[in-house]
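First comes the structure, then the notes that go with it.
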Amino acid sequence: MESRYQPADIEPQVQNYWRDNRCFEVTEDPDKEKFYCLCMFPYPSGALHMGHVRNYTIGDVIARYQRMQGKNVLQPIGWDAFGLPAENAAMKNKVPPANWTRQNIEHMRGQFERLGMGYDWSREFATCDPSYYRWEQWFFTRLMKKGLVYKKNAVVNWDPVDQTVLANEQVIDGRGWRSGALVERREIPQWFMKITAYVEELLTGLDTLDGWPDSVRTMQRNWIGRSVGLELAFPIENSNEELVVYTTRPDTLFGVTYMAVAAEHPLAREAAQGNPELQAFLDECRQVSSSEAALETMEKKGMPIGVNARHPITGDAIPVMAANFVLMDYGTGAIMAVPGHDERDWEFATKYTLPIRQVIEPEDDGEHDISRGAIVARGRLVNSGDFSGMQFDEAFDAIADWFESRGKGKRRVNYRLRDWGVSRQRYWGAPIPVINAADGETLPVPEGDLPVVLPEDVNFDGSGSPIKSMPEFIETKDPRDGAPATRETDTFDTFFESSWYYARFACPDADDAMLDERARYWLPVDQYVGGIEHAILHLLYARFFHRLMRDEGLVDGDEPMTNLLTQGMVNAQTYFRQQTGADGEEAGVSWYNASELELKRNERGQVTGAVLTEDGQPVEIGGVEKMSKSKRNGVDPQEMIDRYGADTVRLFAMSDVSPDQGLEWTDEGIEGSFRFHKKLWRAVHAHVERGAPPALAVDALNDGQLTLRRKLHATIAKATDDIGRRKTFNTAIAAVRELMNDIAAFKDTSPEGHAVLQEAWTAIIAMLSPVVPHMAHVLWEALGCEGAVIDAPWPVVDESALVSASELYVVQVNGKLRAKLSVPAGIGRDELEATAMADENVQRFTDGKQVRKVIVVPGKLVNIVVG
RNA sequence: GCCCGGGUGGCGGAAUUGGUAGACGCAGCGGACUUAAAAUCCGCCGGCCAUAGCGGCCAUGCCGGUUCGAUCCCGGCCUCGGGCACCA
């Protein structure tokens with residue numbers, strides 16, 4: 001064994017060992033418990049960043065831990081290879097998206113290996129492989145036949161200068177990111193998946209997902225947004241038409257003072273003919289990004305369309321407004337407005353001086369001034385005709401009955417969730433396998449003609465998707481009669497690929513089916529790991545897809561992932577200077593990387609400022625923010641691996657915080673992690689130099705040896721719980737460090753002590769091996785242990801080692817800590833109370849006072865309440 | 001705007017979800033070793049007060065509540081982060 005820790009020497013050797021012995025390639029084994037561990041696969045953006053390192057280290061630690069628990073562990077990796085960045089890179093670098101993507105995959109694969117990830121590389125695939133996307137094309141045609149997909153018009157962001165559809169991300173302050181032109185809403189025909197057909201199941205299924213964080217389940221529940229309400233119609237004056245609206249607050253119906261319709265609503269369009277002012281307003285309403293955040297935060301605008309509706313109960317005339325915040329494709333394109341009891345309606349009514357009427361009196365009897373704000377809380381109805389005096393539930397039923405008995409409305413369960421639009425007008429995606437026949441029919445591509453291969457040798461100049469102007473792609477034949485027909489040129493949303501890849505990893509080489517029997521062995525995923533930013537969309541689509549595949553007979557079970565771990569982001573300190581132009585105007589901000597700076601500290605070590613090394617002038621200290629190129633606060637993992645080794649980087653990524661929290665990267669932190677490796681190496685080296693230890697004879701141990709052994713087994717218990725159940729790797733590592741501190745203070749050189757130390761070091765190396773597998777591999781061998789540490793069993797707690805003759809009690813008086821007592825284990829309550837009362841410091845606070853009660857928490861605490 | 005999280009010493013965080021606030025690490029200070037530096041090792045390390053020693057008061061974003069006892073539960077606010085359906 002080398003006396004110095006040299007990661008650059010040992011890490012490649014250990015990686016070769018894993019590769020040569022195919023350590024991580026697995027097959028189905030019905031005799032072993034299976035464990036499928038999966039991290040959300042990466043988008044091949046070019047190089048690994050720290051967020052990747054963290055994500056995949058978490059997964060690797062769990063996979064290696066479960067392997068040591070004796071399970072048949074599958075940990076695959078692949079590439080979420082379609083997407084927008086490849087198109088942007090293609091424009092910038094004049095490379096076809098396919099080439100750029102595949103080069104990135106090559107590079108990142110090497111980085112994963114260098115990090116020591118225990119992947120079954122034999123299962124690797126990229127979603128841009130035709131052998132992968134052919135099966136989702138096949139699946140889509142199956143769903144077409146089942147009626148689970150359909151085509152309808154839907155809104156996109158249209159850049160009128162670049163003549164192209166923009167993603168929400170490409171719309172900045174309502175303008176196209178490249179052209180700067182005001183973006184318009186435009187309707188085009190698109191394909192939709194009927195996720196709403198599964199909405200109840202997706203909702204109730206959340207209750208079964210005990211292994212998911214509550215926050216994610218709540219977010220999904222709210223996203224689905226089930227509500228019970230009333231659908232009712234407001235007749236239009238002097239017309240046979242009516243406005244259908246949905247409300248969850250029928251109790252406020254007498255407070256309706258206006259109606260609002262979308263700019264695209266037929267009623268508004270009709271009214272705009274011959275009304276140029278209204279027409280101009282409707283045109284203006286189109287110039288808004290289609291994102292909900294933009295819609296909700298923009299200035300609410302409206303204009304009367306000169307048409308009245310009639311209140312269905314009172315018959316009162318109610319003006320109809322066109323409004324920019326009502327959307328034609330959500331709900332019915334019309335809403336009833338109750339400014340007295342809805343904040344948005346209140347603000348709108350105040351702005352346009354529309355009447356505000358109070359029809360609810362809240363429970364709390366507090367001061368409520370309807371002229372100063374809406375009363376949103378439920379309460380008793382007032383000014384509501386026959387319904388006045390009723391409470392919410394009673395009023396809801398009475399009003400709903402009123403409408404239903406007259407055939408003018410009905411109770412309805414409504415969902416916020418909308419069907420999933422999967423069409424993208426982009427090139428770098430899987431072609432939607434549809435043929436447009438000359439007679440207007442849309443037909444699925446026959447199974448025998450799949451896959452519809454995306455041409456990869458293209459000239460990508462940014463003027464839209466190349467396949468949209470490529471006759472050799474577009475021209476095809478009608479599968480019914482061979483007549484000329486055209487292909488669909490839209491591609492799938494990339495969420496389509498990522499909704500089922502987890503299942504394909506079970507059988508990536510199946511070439512005559514989407515999935516085969518192996519999927520039933522490996523699924524569901526036992527542990528899924530990924531960023532919290534995917535809490536809703538990706539995970540909801542995957543849950544939907546799993547049910548679609550279940551109903552196609554491809555998989556068992558309802559849910560795709562049993563346990564979910566959502567990981568926080570990797571952040572770092574930012575530094576900047578506000579730059580001033582020659583004219584004294586502010587000319588933007590310059591960001592600096594920590595490596596360019598020197599920090600100033602006061603005598604306490606508190607950072608008081610920073611100066612740029614180059615010019616010695618101060619820079620501002622900004623916030624701790626997500627690592628990004630623009631803020632220049634990123635750290636390249638490759639550089640860190642080259643300097644410190646993969647184990648040090650892995651350890652730091654795991655040791656500072658639990659995985660679900662944001663991790664702050666610091667240079668000092670990584671140094672500390674490296675120091676830990678050197679210290680551990682030295683300690684094990686010194687231990688090994690003593691030669692082979694005698695066998696452990698527990699009965700022969702003295703108090704000091706028993707105490708160290710108690711600490712060891714308490715540490716094993718804690719680390720097992722922290723890694724296996726809580727997934728708080730940081731506290732498991734801290735517990736091991738505590739144990740190592742105790743070992744450092746253990747000055748026993750006897751043979752018995754030597755044997756205890758051998759037991760301790762062996763357990764420490766085993767427990768650390770999922771996090772720092774290279775170093776553990778080498779030290780395991782040095783300790784003379786059998787086999788490779790990846791095949792070692794996880795250490796087991798010896799319960800008898802935990803037994804102690806005494807217990808520590810905390811004594812409080814009126815909830816304040818006054819003493820600590822060490823008492824014999826299993827002491828009786830009376831004796832315990834007496835011992836506590838007899839304590840000198842306790843008496844200072846109880847003296848002359850009456851003891852009202854004594855609370856005892858066994859094994860922990862005594863609280864004496866005096867008054 | 002709406003939904004979901006977070007806020008604890010100089011810093012990252014711990015306290016297993018009602019029972020010792022500050023584990024572990026980083027930074028800092030003091031010391032040992034060294035010709036010196038680095039590395040390493042040892043000690044101290046929330047604030048205020050007291051001190052030979054024992055100890056006391058305050059303190060977990062802010063305000064209020066429940067409880068014998070609150071970082072943890074409830075109500076109201078402030079603030080930072082994630083998502084909002086075409087970034088992945």
Side-chain angles (χ1 to χ4, degrees), chain A residues 40 42-43 45 80 83-85 156-157 165-171 213-216 218-223 225 290-298 300 325 343-344 417-418 420-421 423-426 493-495 498 531-538 540-541 566 568-569 571 601-608 623-626 655-658 660-664 666 668-669 671-673 675-676 678-679 682 718 721-722 725-726 728 730-731 733-738 741 744 808-817 820 840-841 844 852-855 857 860-861 863-866:
Chain A
M40 292 180 188
Y43 177 79
S45 53
D80 188 14
L84 205 48
V156 294
N157 300 311
V165 174
L166 297 178
N168 283 335
E169 189 191 51
Q170 298 171 315
V171 180
D214 285 340
S215 58
V216 173
T218 306
M219 277 190 263
Q220 291 214 353
R221 205 171 281 124
N222 292 340
W223 184 262
S290 62
S291 79
E292 189 187 320
L295 216 59
E296 290 286 330
T297 51
M298 72 184 175
K300 308 289 184 291
F325 58 88
E343 274 169 24
R344 185 182 64 186
L417 181 71
R418 310 192 300 265
W420 174 16
S423 297
R424 296 293 179 269
Q425 296 70 47
R426 307 195 190 293
D493 176 6
T494 56
F495 277 127
S498 57
I532 183 68
E533 67 273 18
H534 295 293
I536 297 176
L537 291 178
H538 162 60
L540 190 61
Y541 293 147
T566 50
M569 293 181 309
N571 308 311
R601 292 176 190 275
N602 66 14
E603 65 208 359
R604 276 184 177 159
Q606 199 172 357
V607 174
T608 53
V624 173
E625 297 182 45
K626 179 179 174 175
S655 60
D656 236 27
V657 295
S658 59
D660 53 329
Q661 300 184 68
L663 170 69
E664 188 188 341
T666 61
E668 295 82 8
E671 284 285 351
S673 174
R675 201 146 54 219
F676 174 83
K678 289 191 285 187
K679 201 188 250 183
R682 259 197 318 273
K718 177 161 174 58
D721 188 45
D722 284 353
R725 179 182 65 88
R726 297 174 70 207
T728 53
N730 55 323
T731 53
I733 293 163
V736 171
R737 296 177 103 132
E738 261 187 76
N741 289 343
L808 185 71
Y809 271 86
V810 162
V811 184
Q812 300 178 332
V813 179
N814 287 348
K816 292 208 173 223
L817 175 70
K820 292 177 189 178
E840 192 186 339
N841 202 44
R844 279 177 57 197
R852 299 200 181 276
K853 65 175 155 177
V854 179
I855 289 150
V857 182
K860 263 191 184 154
L861 163 144
N863 187 15
I864 300 159
V865 184
V866 296

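Every chain is numbered from 1, with letters handed out A, B, ... down the list of sequences. The analysis underlying the following values was restricted to heavy atoms, covering all of them including side chains, and did not include hydrogens, waters or symmetry mates. Not measured: the values here are computed from a predicted model.
B:G30 sits 49 Å from B:G75 when the C1' atoms are compared, rounded to a whole Å. Atom P of B:C41 sits at a distance of 31 Å from the matching atom of B:C48, rounded to the whole Å. Here the separation of B:A27 from B:A36, taken at their C1' atoms, is 24 Å to the nearest Å. For the C1' atoms, the distance linking B:C11 with B:U60 amounts to 16 Å, nearest Å. Distance check on atom P: B:U71 versus B:G22 gives 12 Å, rounded to whole Å. As rounded to the nearest Å, B:A38 and B:G28 have P atoms that lie 11 Å from one another. B:A70 and B:U20 have their C1' atoms separated by 14 Å, with the value rounded to a whole Å. B:G25 and B:G43 have their P atoms separated by 12 Å, given to the nearest Å.
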Under 3.5 Å between N/O atoms: give me all the protein pairs with nucleotides 40-43 of chain B, atom names plus distance.
residue: B:U40; atom: O3'; partner: A:Arg682; partner atom: NH2; Å: 3.3

Each nucleotide N or O in nucleotides 63-71 of chain B that has a protein N or O under 3.5 Å away: list the pair and distance.
residue: B:C68; atom: O2; partner: A:Asn863; partner atom: ND2; Å: 2.3

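Legend: residues meeting ring-ring contact (aromatic ring centres under 6.0 Å, His included) with A:Phe495, ordered by chain and number and at least two apart, are A:Tyr541. In this structure A:Lys300 satisfies the salt bridge (charged side-chain N to carboxylate O under 4.0 Å, His left out) test with no other residue, sequence neighbours excluded. Every residue two or more places apart in sequence or in another chain was checked for a side-chain hydrogen bond (donor to acceptor under 3.5 Å, both in side chains) with A:Arg675, and none qualifies. Every salt bridge (charged side-chain N to carboxylate O under 4.0 Å, His left out) that A:Glu738 has, sequence neighbours left out, goes to A:Lys711. Under the rule for a side chain to side chain contact (heavy atoms under 4.5 Å, CB included), the partners of A:Gln661 that lie at least two apart in sequence or sit in another chain are A:Val657, A:Ser658. Annotation: salt bridge (charged side-chain N to carboxylate O under 4.0 Å, His left out) contacts of A:Glu169 (sequence neighbours excluded): none. A:Leu817 meets the side chain to side chain contact (heavy atoms under 4.5 Å, CB included) test with A:Val810, A:Lys820; sequence neighbours excluded. The ring-ring contact (aromatic ring centres under 6.0 Å, His included) check on A:Trp223 picks up nothing, with sequence neighbours excluded.
Residue contacts for A:Thr731: at a heavy-atom cut-off of 4.0 Å it reaches the sugar-phosphate backbone alone, with no base atom in range. At the heavy-atom level, A:Arg725 lies under 4.0 Å from base atoms of the strands shown. Heavy atoms of A:Val857 sit under 4.0 angstrom from at least one base atom. Among the protein residues, A:Asn730 comes within range of the sugar-phosphate backbone only, with heavy atoms under 4.0 Å from sugar or phosphate atoms but none that close to a base. Among the heavy atoms of the strands lying under 4.0 Å from A:Leu808 is at least one base atom, whether or not backbone atoms are also near.
OP1 or OP2 of B:G55 has not a single side-chain nitrogen or oxygen of A:Lys820 nearer than 4.0 Å. For A:Asn571 and B:G12, the shortest distance from a side-chain N or O to OP1 or OP2 is not below 4.0 Å.
One interatomic measurement links the two molecules: CG of A:Leu663 to C1' of B:G25, which rounds to 13 Å at whole-angstrom precision. Here B:G25 presents its P atom at 5 Å from CG of A:Asn741, a figure rounded to the nearest Å. Taking atom CG of A:Asn222 as the reference point, atom P of B:C2 lies 13 Å away to the nearest angstrom. To the nearest angstrom, C1' of B:A23 lies 16 Å from CG of A:Asp721. For the pair A:Glu664 CD and B:A27 C1', the computed distance is 13 Å after rounding to whole Å. Rounded to whole Å, atom P of B:C58 lies 13 Å from atom CG of A:Leu817. Atom CD in A:Gln661 sits about 11 Å away from atom C1' in B:G5, given to the nearest Å. One atom, CD of A:Glu671, and another, C1' of B:G25, lie 14 Å apart when rounded to the nearest Å.
Checking B:C26, B:G13, B:G5 against the side-chain heavy atoms of A:Ser215 singles out B:G5 as nearest. Among the nucleotides B:C24, B:G19, B:G12, the one closest to any side-chain atom of A:Arg737 is B:C24. Distances were taken from every side-chain heavy atom of A:Ala734 (C-beta onward) to each of B:U16, B:G1, B:A23; the shortest belongs to B:A23.
In this structure, NE2 in A:His538 is found 4.5 Å from CE in A:Met40, a value given to the nearest 0.5 Å. Residue A:Leu417 holds its CG atom at 6.0 Å from CG of A:Leu540, rounded to the nearest 0.5 Å. One distance of note links CD1 of A:Ile733 with CZ of A:Phe676; it measures 7.5 Å at 0.5 Å rounding. Separation of atoms CG (A:Asn571) and CD (A:Glu664) is listed at 7.5 Å; rounding is to 0.5 Å. Taking CG of A:Asp493 as the start and CZ of A:Arg424 as the end, the distance is 3.5 Å to the nearest 0.5 Å.
Base orientation of B:G9: syn (glycosidic angle within 90° of 0).
Side-chain contact check for A:Thr566 and A:Asp660: no donor-acceptor pair (N or O, by modelled atom type) lies under 3.5 Å. When only modelled atom types and interatomic distance are considered, A:Thr218 and A:Ser215 share no side-chain donor-acceptor pair under 3.5 Å. One side chain, A:Asn157 or A:Ser290, offers a donor N or O that lies under 3.5 Å from an acceptor on the other.
Between A:Asn841 and A:Val657, the residue whose closest nucleotide on RNA chain B is further toward the 5' end is A:Val657. The nearest heavy atom of RNA chain B to A:Arg844 and to A:Thr728 marks one nucleotide each, and the one closer to the 5' end goes with A:Thr728.
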Would you sketch RNA chain B in dot-bracket for me? Only Watson-Crick or G-U wobble pairs with both distances under 3.5 Å count, crossing pairs as [ ], other-strand pairs as |, the rest as dots. (((((((..(((......[....))).(((((.......))))).((((.....))))..(((((..]....))))))))))))....
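Of all the heavy atoms in A:Val165 and A:Gln170, the pair that sits closest is O-OE1, 4.3 Å.
One donor-acceptor pair, N or O on each side, does fall under 3.5 Å between the base of B:U16 and the side chain of A:Lys718.
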If a protein heavy atom is under 4.0 Å from the base, mark B; if only from the sugar-phosphate, S; if neither, -; do that for nucleotides 76-88 of chain B going 5' to 3'. -----SBSBBBBB
